[in-house]
Amino acid sequence: MPVPTIEGLNPEQQRAVTHGEGPLMVLAGAGTGKTRVLVHRIARLVSLGVAPWEILAVTFTNKAAGEMRERLRQAVGAEAAFRMWIGTFHSTCARLLRRHGERVGLSPDFSIFDDDDQRRLLSSLLKEASLDDAITPRSLGSLIDRAKNRGEDPVRFNNGRYGEDVLAKIYPRYRERLAREDAVDFNDLLLKVLDLADDPDMGPELASRFRYVLVDEFQDTNLVQYRLVRHLARDTRNLTVVGDDDQSIYSWRGAEPRNLLDFDRDFPDAEIVKLEQNYRSTSIILQAANSIIEHNIDRRGKSLWTDRDGGDAVLWEEATDERAEAEFIARGIAGLCHEEGRDWGDMAMLYRTHAQSRVLEEQLRRHSIDYRIVGGVSFFQRREIKDSLAFLRLVSNPAADSCFERIVNVPSRGIGKTTVDRVRAHARLAGIALLDAARSCSHGAVSSVKPAARKKLAAFVAIIDGLRDVQAAGASVAELIIQAVERSGYRERLEIEDSPESRDRLANLAELVSMASDFDDETEGKGTLVEFDERISLSSANDAADGRGAAVTMMTIHAAKGLEFPVVFLCGMEDGLFPSLREREGSNSDRDMEEERRLAYVAMTRAKDRLILTSTRMRRVWGEMRMNRPSRFLDDIPSECLAVRARPEPAYDAPTRLRRKKPMRPERDELDQRTGYDDVPSIDVDEDFDPTGSTDHVVAGEQVRHPRFGSGRVVQTLGEGSDTKLLIDFPGVGLKMVVARFVELE
DNA sequence: GTCGTCCCGGGTTCC
DNA sequence: CCGGGACGAC
C-alpha cells in the first residue's frame with residue numbers, strides 16, 4: 001500500500017514519520033524540523049489507532065514537553081493530547097512512582113529533593129560527622145551524582161580518590177535520611193524506576209506498558225536514562241530516538257552521546273534517517289557553523305544544507321573591552337530596529353557564562369532596550385519560594401526533617417541553635433520526627449527546654465497544625481500558600497523591612513500564589529499540594545521565563561538549545577572564555593574542546609538571518625583585567641563568510657603567554673582586503689547616541705581627545721580627583737596611561 | 001539570638 | 001568584583 005505523502009514534508013522527514021514498527025533513529029541536524037517530525041509521527045500513530053496513553057514521548061525540558069503537547073493538541077485534539085505521556089524523564093518517572101512507588105519504598109506523597117535540598121542535607125550531615133573541612137557539600141553532591149548518572153553505587157569504589165573516604169561515611173547516612181523523609185533526589189527518581197523494572201510484577205508490566213516510546217535530544221541522555229528507555233521498549237521495540245550528536249553539550253553532567261552514536265549497536269535492526277535539510281539559517285551562517293563543527297573527529301557526520309542561499313556575512317566585531325562590546329551590541333540592536341524594521345523580540349544575545357550578562361544588561365538599559373534574561377538564579381531556587389514550600393511540605397509530610405530545620409526559625413521567631421539541638425537530641429532518642437519532637441518538647445517532655453523556648457516551639461507547631469487544618473477544610477493550593485506566608489509571619493516581616501529586596505521577595509511570593517492559582521484552575525481544584533510541590537521541584541529557571549512582550553532575549557548558549565532567532569549576537573568570542581579553557585580534574589582536553597566546538601555550533605545555528613560575533617581585547621574577570629586573543633573558533637570560519645570591522649591594530653603587546661606561536665588566523669589587514677568590510681551589509685550603529693547627555697566625569701568607554709595621541713576610548717580609570725589617571729585606547733597608537741586633566745571629552 | 005564583617009570561591013545546569 | 005556562608009561581637 002503506498003504511503004500517503006504528507007504535505008510539506010521532505011522525503012526524509014516523511015520516512016521518519018511513516019516508519020512502522022521497530023526501532024528508528026533520527027539523526028536530525030540543527031533546524032531540520034525534528035519537532036515537526038515527532039509531532040507528525042505521534043499524530044500518525046494516533047490516526048492508525050494507537051491509544052494516546054500507549055504513547056510515551058520524552059523531551060529534554062518541561063518547556064519542550066509543554067510545546068509538544070500544545071502542537072499535538074492541534075494535531076490530534078485536546079483529549080488525546082491530554083492522555084498521552086509527554087514529559088521529561090524525571091516527570092515521567094515521578095508519575096510512575098506516584099502509582100507504583102510502594103514497591104520500592106516510597107509513599108504516593110514522596111517528595112523530591114532538588115540540588116539545593118541535596119546540598120543542604122549534605123552540609124548538615126558533614127557537620128554532624130565533623131567532616132565539613134574535608135570537602136564541600138557541593139563537591140560531595142557531584143561525586144554522588146556522577147556515580148548515580150551511570151547507575152553505580154556511589155560507595156562502590158574506594159580507591160582513595162578525592163573525597164571517596166568522606167563519601168563512604170556520609171552517603172549511607174544520606175540515603176537513610178532520604179528514606180526516612182520519604183524523599184528522593186533527582187537521580188533516585190530514575191533509579192527507583194529502574195528498580196521497579198527489576199520487580200517481578202512491575203518489570204514486565206513496564207516493559208510492555210507503552211506501545212511506542214519516542215525520545216527527543218537523545219544525545220543528552222545518560223546511562224540510566226538509556227537503560228530505562230531500553231526497558232520501556234523491551235517488548236514492543238517500538239523505540240524512536242531523535243537527536244544530533246553535534247549538539248551534545250551536556251556531557252559534563254553525565255550525558256553519553258554514545259547512546260546516540262552507538263544506537264544501532266544495541267538495535268541493529270534500527271532504521272536510520274538523517275535529516276539534513278536545514279530550514280532555519282542562511283547558507284552563510286550554516287557554512288560558518290559547519291566550518292567549526294567539522295573539526296570534531298568523534299561525530300557521526302552529517303552535512304546540513306539549505307536552499308536559503310547567501311545571506312549576510314557573519315559579522316565579527318572586536319571591541320576594546322566588555323563595556324565597548326555591550327555598547328556595540330546595544331547600538332547594533334537599535335540600528336537593526338531602525339534600518340531593517342526588526343523587533344527586539346527577533347533578537348537574542350548568547351553568552352558562555354552568566355557572569356557576562358551584567359555589563360550587557362547595563363548597556364541595554366542605558367539604551368532603553370527591553371530585555372529578558374532566561375536562566376540565572378531560578379525563581380524556584382529563591383529563598384522565599386523554597387521557604388514557603390518547606391512549610392507546605394512539612395504540612396503534607398510531618399517527617400520532613402530537612403524542611404523543619406529550614407523553617408523552624410524562619411522568619412526568626414526566637415528558636416535558636418540551642419533549642420533546635422535539644423529538639424534534635426530528643427527526636428533521635430525517641431526515634432521520632434523533628435516536628436513531633438518539637439511538639440512534645442513544647443509540652444515539657446525535655447526539662448532542658450525552658451518554658452520560654454517551649455512557648456516558642458508551641459507557636460511554631462501551631463503554625464503547621466493550623467495549616468494542616470486549613471488544608472483539611474478543603475483549601476486550594478493557592479489559599480494554602482497565602483495562609484502559610486501569612487501565618488508564618490513571612491509577609492509581615494518582609495513588609496516591615498520594606499527594602500527594595502524585601503519588595504522583590506514579596507513580589508516573588510505573589511507570583512508563586514498566582515502560579516498556584518493557575519495550577520488550581522488547571523486541575524479544577526483537585527490538584528494536591530504534593531502535586532504542586534512536584535511541579536515546582538521539577539521546574540527550572542528556563543521554564544519560568546515566558547516571552548511576555550517583545551524584548552531582546554539574553555541567555556547562556558546552553559539555555560538556547562532548541563530555540564531560534566532571526567538575529568543572534570554571540571558575545572565573548574575570546575580564547576579562555578569561549579572556548580572555555582578551564583582545567584578540570586580528570587578531564588580530557590580534546591574531549592572538552594570537542595564539546596566547546598559543539599557549543600559554538602549550537603550557538604551559531606540558532607540564528608536565522610544574521611549572526612554577529614563579538615569579542616573583546618581585554619576583559620575584567622573577577623576584578624582583574626585580562627588580555628584576550630580572539631577565539632580560535634574565529635580562525636575556522638572561512639573568510640568569505642566573515643566580515644570584520646576594519647580597525648587599526650593596537651600597538652600594545654599582549655602578554656606573551658596569550659600570544660599565538662604562529663598566526664593561525666590571517667592578519668587583519670589581509671582579512672580586510674579579502675572581505676572588504678564596506679562591501680558587506682553592515683549594521684548601522686547609532687554612533688551619535690549619548691544616553692547620559694552629561695559629561696560630569698570620565699568613565700570607561702567614553703571617547704576622549706588627547707593633544708598628542710588624538711582621540712581614544714577610555715578603558716579604565718584609576719584613582720580619584722586631580723590624580724585620576726586614565727587608561728586610554730588610542731586607535732593607531734595603542735594603550736596609554738595619561739593624567740585625566742590632559743584630555744577632554746569628545 | 002541577631003547583626004555585622006570577613007573570607008572564600010566563582011562553568012555551562014537540565015531534571 | 002560579587003554574593004553567600006561562617007563566625008565573632010553585642
Side-chain angles (χ1 to χ4, degrees), chain A residues 58-65 87-94 112-120 123 127 132-133 136-139 141-142 145 148-149 184-190 216-217 219-222 224-225 248-255 322 350-359 374-378 380-381 383 409 411-420 452-453 456 501 534-543 555-562 572 576-584 587 592 595-596 598-600 602-603 619-626:
Chain A
V58 183
T59 57
F60 187 65
T61 62
N62 286 309
K63 205 172 159 192
T88 60
F89 275 105
H90 291 80
S91 69
T92 304
C93 289
I112 300 164
F113 271 38
D114 66 18
D115 294 338
D116 183 59
D117 300 326
Q118 183 194 48
R119 217 199 58 241
R120 288 175 81 105
S123 167
K127 262 184 223 146
D132 45 333
D133 286 337
T136 62
R138 223 187 134 106
S139 321
S142 76
D145 288 338
K148 283 185 170 181
N149 279 333
V184 290
D185 63 24
F186 277 132
N187 278 315
D188 289 342
L189 221 37
L190 312 192
D216 196 7
E217 306 285 9
Q219 75 283 357
D220 288 320
T221 52
N222 65 30
V224 170
Q225 291 164 338
S248 160
I249 54 176
Y250 285 103
S251 66
W252 49 273
R253 63 170 200 225
E322 69 268 26
L350 307 183
Y351 34 80
R352 183 67 178 79
T353 69
H354 282 303
Q356 291 166 254
S357 67
R358 213 191 190 89
V359 188
V374 179
V377 181
S378 165
F380 305 103
Q381 295 286 90
R383 198 178 13 188
N409 197 30
S412 53
R413 52 176 70 82
I415 302 173
K417 188 175 176 296
T418 324
T419 308
V420 175
K456 289 169 186 163
E501 192 193 328
E534 174 183 309
R535 182 179 294 198
I536 299 288
S537 302
L538 297 180
S539 291
S540 74
N542 299 345
D543 299 335
M555 58 185 148
T556 62
I557 300 166
H558 283 90
K561 195 173 73 166
L577 183 61
F578 191 32
S580 165
L581 301 173
R582 199 165 177 262
E583 280 161 55
R584 267 179 298 182
S587 74
D592 286 351
E595 181 135 329
E596 294 290 319
R598 292 191 292 266
L599 207 45
V602 168
R619 180 181 294 273
R620 205 173 256 282
V621 182
W622 296 328
E624 186 196 349
M625 201 54 105
R626 292 217 322 228

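Here is the naming used below: chain letters follow the sequence lines, and residue numbers restart at 1 for every chain. Since we're looking at a predicted model, the values are computed, not measured.
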Nearest listed nucleotide, side chain of F186(A), among dC15(B), dG1(B), dG11(B): dC15(B)
Those residues that, when tested against F60(A), pass ring pair (Phe, Tyr, Trp, His ring centres under 6.0 Å) (two or more places apart): Y250(A)
N/O donor-acceptor pair under 3.5 Å between D114(A) side chain and D117(A) backbone: yes
Touch class at under 4.0 angstrom, heavy-atom based, for K456(A) against every strand present: nothing
S412(A) side-chain N/O to G414(A) backbone N/O, donor-acceptor pair under 3.5 Å: no
Ring centroids of W622(A) and dG10(B) base under 5.5 Å with planes under 30°: yes
Atom-to-atom span, CD of E534(A) to P of dC15(B) - whole angstrom: 13 Å
Sugar-phosphate only, base, or nothing, as touched by K561(A) at under 4.0 Å among non-hydrogen atoms: nothing
Atom-pair distance (CD on Q356(A); P on dG10(B)), nearest Å: 18 Å
I557(A) CD1 to dT13(B) P, straight-line distance once rounded to whole Å: 10 Å
Options dG11(B), dC15(B), dT13(B), nucleotide nearest the side-chain atoms of L538(A): dC15(B)
dG11(B) base / E596(A) side chain donor-acceptor hit below 3.5 Å: yes
Residue mapping more 5' on DNA chain B - nearest nucleotide basis, S91(A) or T418(A): T418(A)
N/O donor-acceptor pair, side chain D115(A) with base dC15(B), under 3.5 angstrom: yes
The single option from N222(A), N187(A), D185(A) passing side chain to side chain donor-acceptor pair (under 3.5 Å) against K148(A): D185(A)
Touch class at under 4.0 angstrom, heavy-atom based, for F89(A) against every strand present: nothing
Phosphate-side-chain proximity, H354(A) and dG10(B), N/O vs OP1/OP2 below 4.0 Å: no
Rounded distance (nearest 0.5 Å) linking atom CG of L599(A) with atom CD1 of I557(A): 4.5 Å
Atom-pair distance (CG on N62(A); P on dC14(B)), nearest Å: 10 Å
Euclidean distance, atom CZ of residue R119(A) to atom P of dG10(B) [Å, nearest integer]: 12 Å
Nearest listed nucleotide, side chain of T88(A), among dC14(B), dT13(B), dC15(B): dC15(B)
Side-chain donor/acceptor of R619(A) to backbone N/O of R626(A), under 3.5 Å: no
4.5 Å side-chain heavy-atom contact, K456(A) and T419(A): no
Heavy-atom pair with the smallest gap, counting every atom of P137(A) and R119(A): CB-O, 3.7 Å
Verify stack between Y250(A) ring and dC14(B) base, 5.5 Å, 30 degrees: no
Minimum heavy-atom distance between F186(A) and H90(A), given as atom pair plus value: O-CD2, 3.3 Å
Distance-only donor-acceptor check, side chains S91(A) and T88(A), under 3.5 Å: yes
Stepwise side-chain hydrogen bond (donor to acceptor under 3.5 Å, both in side chains) test for T353(A) and Q356(A): CA-CA 6 Å; T353(A) 69; Q356(A) 291 166 254; 3.3 Å; yes
Residue F60(A), side-chain heavy atoms: nucleotide from dT13(B), dC14(B), dC15(B) that is nearest: dC14(B)
Atom pair distance, as rounded to whole Å: CD in E595(A) and P in dT13(B): 13 Å
Touch class at under 4.0 angstrom, heavy-atom based, for R120(A) against every strand present: nothing
Residue T419(A), side-chain heavy atoms: nucleotide from dC15(B), dT13(B), dG1(B) that is nearest: dG1(B)
Sugar-phosphate only, base, or nothing, as touched by S580(A) at under 4.0 Å among non-hydrogen atoms: base
Positional range of nucleotides in DNA chain C within the contact set of chain A, heavy-atom, under 4.0 Å: dC1(C) to dA6(C)
Nearest-Å distance for atom pair CG/C1', residues L577(A) and dG10(B): 14 Å
Donor-acceptor pair present, R352(A) side chain and dT12(B) base, under 3.5 Å: yes
Spacing of R626(A) atom CZ relative to dG10(B) atom C1', expressed in whole Å: 13 Å
Report all interatomic pairs (protein N or O, nucleotide N or O of nucleotides 2-7 of chain B) with separations under 3.5 Å.
residue: dT2(B); atom: OP1; partner: S412(A); partner atom: OG; Å: 3.2
residue: dT2(B); atom: OP2; partner: N409(A); partner atom: ND2; Å: 3.4

